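One structure is given here, and the rest of the page talks about it.
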Amino acid sequence: MAKLTRLRGFQDQLGAEAEMLSLVEARAKEVARRYGLGEIRIPLMERIQLYERSTGETSDVVAKQMYIVKHAQESSAADTMVLRPEGTPGVVRAYIEAGLDRSDPEQRFFYCGPMLRYERPQKGRFRQFHQFGVEVFGRADPACDAELLVMIDDLRRELDLELDFEVNSLGCGECRLAFREALLAFGRAHLESLCADCHARLERNPLRIVDCKTDAALAEQAPKSIDYLCPDCRRHFDAVLDLLRYSGVAVTVNPRIVRGLDYYVRTTFEVSSRTLGAQNAIAAGGRYDGLVESLGGVPVPGIGFAIGLERLTMAMSPQDRHARAVAAAAGGHAKPPTARSDSRQAPFIDAAVLALGEEALPKAAALAREIRHSGLAVEFVSPARGLKAQLRRADRAGARFAVIIGEDELSRGVATLRDMTSGAQRDVQLEQAAQAVSAAAAES
RNA sequence: GUGAGUGUAGCUCAGUUGGCAGAGCACCGGGUUGUGGCCUCGGUGGUCGAGGGUUCAAGUCCCUUCACUCACCCCA
């Protein structure tokens with residue numbers, strides 16, 4: 001039989017890797033809670049039209065990266081379903097569907113979960129990846145824009161990371177029109193020197209010319225959106241920058257932050273790491289004031305961002321990752337029982353219960369359960385092998401204590417309680433064995 | 001979609017001008033009839049990514065293909 005492998009661009013996360021992601025996710029949720037955000041859970045699939053009308057049909061994400069889902073028996077062309085490539089459109093849809101735009105427009109959400117995009121995988125880029133995202137509705141004021149950046153900075157501090165913050169303003173619909181014209185004029189004027197990609201961009205998405213890396217010098221000369229801001233947009237952007245300066249978040253204004261999604265207006269931003277390679281964007285977002293309306297709701301401004309969780313964990317140093325993973329895996333344990341189990345990928349346990357012989361088996365199984373009821377993590381070791389192998393398993397599982405019940409113990413009505421770190425062991429009465437284990441665990 | 005690099009044991013990798021597929025780690029067992037880690041002795045484990053070609057003989061040379069990795073593009 002041919003071996004079945006995981007799909008290209010998809011990954012399994014085992015042990016420490018999974019622990020790391022859970023840990024980062026927990027930190028992000030904690031920070032979100034402090035910023036008054038409530039959780040929202042939305043479907044993994046939506047109608048394709050949702051993304052066509054929000055993210056934009058010309059964006060790469062919609063044009064060539066979506067997974068279309070087909071039911072085995074039924075399919076309806078009118079309702080083409082796709083796996084979500086990003087979170088924002090779904091959240092906006094849910095917001096409108098719940099009638100919040102009319103009844104209670106100011107809402108603050110966070111979400112967390114997998115996103116799927118069909119792309120060629122590389123370092124930091126996967127077909128399924130996880131995002132932690134934030135969406136705020138009903139706030140048009142610059143303080144809200146600044147606050148989201150500050151929030152990301154808080155998370156950055158919690159995780160002790162060095163990250164670069166870059167912001168830009170695309171302007172509102174009005175100033176974008178003028179900016180777009182200027183870009184097209186620039187493109188036509190330099191038609192010969194533009195790279196092949198930029199020729200295509202000129203047609204599809206002129207904004208992206210600014211972002212060209214093939215000819216950085218030329219891109220440098222291209223018109224910048226911040227030079228085309230109307231007075232209102234200018235004031236808004238300046239206010240955001242002032243607030244950030246006052247908050248002590250070091251940001252750089254980068255006119256090349258144009259974003260690939262159609263719905264962005266005014267403030268856009270990217271947060272990146274210097275240690276990640278080519279795919280260094282860890283978080284990105286921006287304002288989308290017209291989006292709720294264009295998806296059928298009443299006009300409500302909105303702004304949000306998403307963090308790539310895999311990239312965030314990758315940005316942590318290896319030593320840091322290891323230390324954190326071990327700490328997370330160890331649970332409440334100060335240190336693992338042996339040096340060897342230091343490299344363990346799974347959680348450490350408090351006790352391993354070993355049974356020797358048929359007679360001891362039910363007693364041992366019952367004892368394991370009783371110890372668990374006191375809140376400790378217990379593994380009932382397979383009794384199919386000898387004591388030596390069972391003890392080795394106990395060590396491998398990272399157990400602090402081994403509780404042994406064999407012929408000898410049974411005849412005396414006791415269990416042997418062995419401290420796996422010191423090797424010291426003593427008899428405890430079978431009836432009090434569970435209390436003895438939890439008492440021993442409590443003092444070590 | 002484009003380009004480059006890499007595919008040998010579960011993992012990390014040796015493998016000479018083509019000549020019997022190896023090491024370390026991991027795993028299992030003995031040394032200890034009921035005592036883990038350290039030590040020691042032994043053992044299990046391979047379609048050499050796949051298919052074809054050249055040759056008396058291919059892990060090694062040639063062609064094709066697949067996968068992985070990195071980069072372009074794009075993005076979290």
Side-chain angles (χ1 to χ4, degrees), chain A residues 1-3 5-9 11 55 58-65 85-88 112-133 152 195-198 200-201 204-205 208 211-214 257-261 269-273 276-285 304-315 336-343 345 352 354-357 360 381 385-402 404-410 416 418-425:
Chain A
M1 271 287 229
K3 186 159 57 170
T5 60
R6 64 186 189 277
L7 260 21
R8 161 176 258 190
Q11 45 173 11
T55 313
T58 57
S59 68
D60 273 36
V61 169
V62 169
K64 49 192 188 194
Q65 297 181 351
E86 60 153 338
T88 303
C112 197
M115 302 297 160
L116 293 106
R117 295 181 195 173
Y118 183 88
E119 293 184 274
R120 193 76 176 263
Q122 72 185 72
K123 186 181 173 73
R125 192 172 72 187
F126 316 101
R127 290 182 174 178
Q128 177 177 318
F129 59 98
H130 295 78
Q131 285 190 334
F132 177 88
I152 298 172
C195 69
D197 284 334
C198 282
R201 287 184 183 120
R204 298 179 73 93
N205 198 348
R208 298 222 66 92
D211 202 21
C212 180
K213 284 131 206 150
T214 315
I257 307 289
V258 293
R259 314 296 309 140
L261 315 176
F269 53 90
E270 279 184 22
V271 179
S272 57
S273 159
L276 243 46
Q279 308 299 312
N280 62 358
I282 284 188
F305 68 84
I307 300 175
L309 295 182
E310 286 86 352
R311 286 187 185 177
L312 194 60
T313 60
M314 277 189 283
T338 66
R340 188 171 166 186
S341 46
D342 186 52
S343 60
Q345 299 272 299
L354 323 193
L356 296 166
V381 175
R385 294 190 295 179
L387 177 63
K388 189 187 173 101
Q390 290 194 47
L391 268 173
R392 183 162 53 229
R393 171 59 207 166
D395 181 49
R396 221 51 72 73
R400 269 189 297 174
F401 297 98
I404 306 164
I405 303 180
E407 312 282 326
D408 176 47
E409 284 82 358
L410 270 189
T416 297
R418 179 179 176 84
D419 182 317
M420 293 297 282
T421 311
S422 67
Q425 55 186 45

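To find a chain, count down the sequence lines: A is the first, B the second, and so on, and within it residues start at 1. Remember, it's a predicted structure, so these values are computed and weren't measured experimentally.
- With rounding to whole Å, A:N280 atom CG is found 13 Å from B:C74 atom C1'.
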Would you write out the dot-bracket form of RNA chain B, 5' to 3', with Watson-Crick and G-U pairs under 3.5 Å, [ ] for crossing pairs, | for pairs to other strands and . for unpaired bases? (((((((..((((.....[..)))).(((((.......))))).....(((((..]....))))))))))))....

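- Atom CD1 of A:I257 and atom C1' of B:C75 are 12 Å apart (whole Å).
- As rounded to the nearest Å, B:U40 and B:G5 have P atoms that lie 43 Å from one another.
- Taking 4.0 angstrom as the limit, A:Q122 places a side-chain polar atom (N or O) nearer than this to OP1 or OP2 of B:A71.
- Residues forming a side-chain hydrogen bond (donor to acceptor under 3.5 Å, both in side chains) with A:E270 (at least two apart in sequence, or on another chain): A:R259.
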Would A:M420 and A:D395 count as a side-chain contact (heavy atoms from CB on, under 4.5 Å) if you check the C-alpha gap in whole Å, the side-chain angles of each, and the deciding distance to 0.1 Å? CA-CA 7 Å; A:M420 293 297 282; A:D395 181 49; 4.1 Å; yes

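- Side-chain nitrogen and oxygen atoms of A:K388 include at least one within less than 4.0 Å of the OP1 or OP2 phosphate oxygen of B:G36.
- For A:Q65, counting side-chain heavy atoms from C-beta on, the closest listed nucleotide (B:C74, B:G29, B:C72) is B:C74.
- For the pair A:F126 and A:P121, nearest-nucleotide mapping onto RNA chain B gives the more 5' position to A:P121.
- A search for salt bridge (Lys or Arg N to Asp or Glu O under 4.0 Å) contacts involving A:R125 returns A:E119, not counting sequence neighbours.
- When atom types are taken as modelled, the side chain of A:Q128 and the backbone of A:Q11 share no donor-acceptor pair closer than 3.5 angstrom.
- Side-chain nitrogen and oxygen atoms of A:R385 include at least one within less than 4.0 Å of the OP1 or OP2 phosphate oxygen of B:C28.
- For A:R418 and B:G36, the CZ to P distance is 7 Å, given to the nearest whole Å.
- When the side-chain nitrogen and oxygen atoms of A:R396 are compared with OP1 and OP2 of B:G37, none of them lie within a distance under 4.0 Å.
- Comparing A:I405 and A:R311 along RNA chain B, the residue whose closest nucleotide (by nearest heavy atom) sits nearer the 5' end is A:I405.
- A distance of about 9 Å separates the P atoms of B:U16 and B:C61, rounded to the whole Å.
- By the 4.5 Å heavy-atom criterion applied to side chains, A:F305 and A:V271 are not counted as neighbours.
- Residue A:R8 has its side chain nearest to B:C68 when only B:C68, B:G34, B:C73 are considered.
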Before you tell me yes or no, could you show the steps for A:R127 and A:L7 under side-chain contact (heavy atoms from CB on, under 4.5 Å), namely the whole-Å CA-CA distance, both residues' side-chain angles and the distance that decides it to 0.1 Å? CA-CA 9 Å; A:R127 290 182 174 178; A:L7 260 21; over 6 Å; no

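- Checking B:C75, B:G36, B:G29 against every side-chain atom of A:R392, the shortest atom distance belongs to B:G29.
- Using atom C1' as the reference point in both B:G52 and B:U47, the two lie 16 Å apart (nearest Å).
- Of the listed nucleotides (B:G34, B:U35, B:C75), B:G34 has the atom at the smallest distance from the side chain of A:E407.
- Rounded to whole Å, the P atom of B:A58 lies 35 Å from the corresponding atom of B:G1.
- If you check B:G36, B:G34, B:G1 against the side chain of A:R120, the one that comes closest is B:G1.
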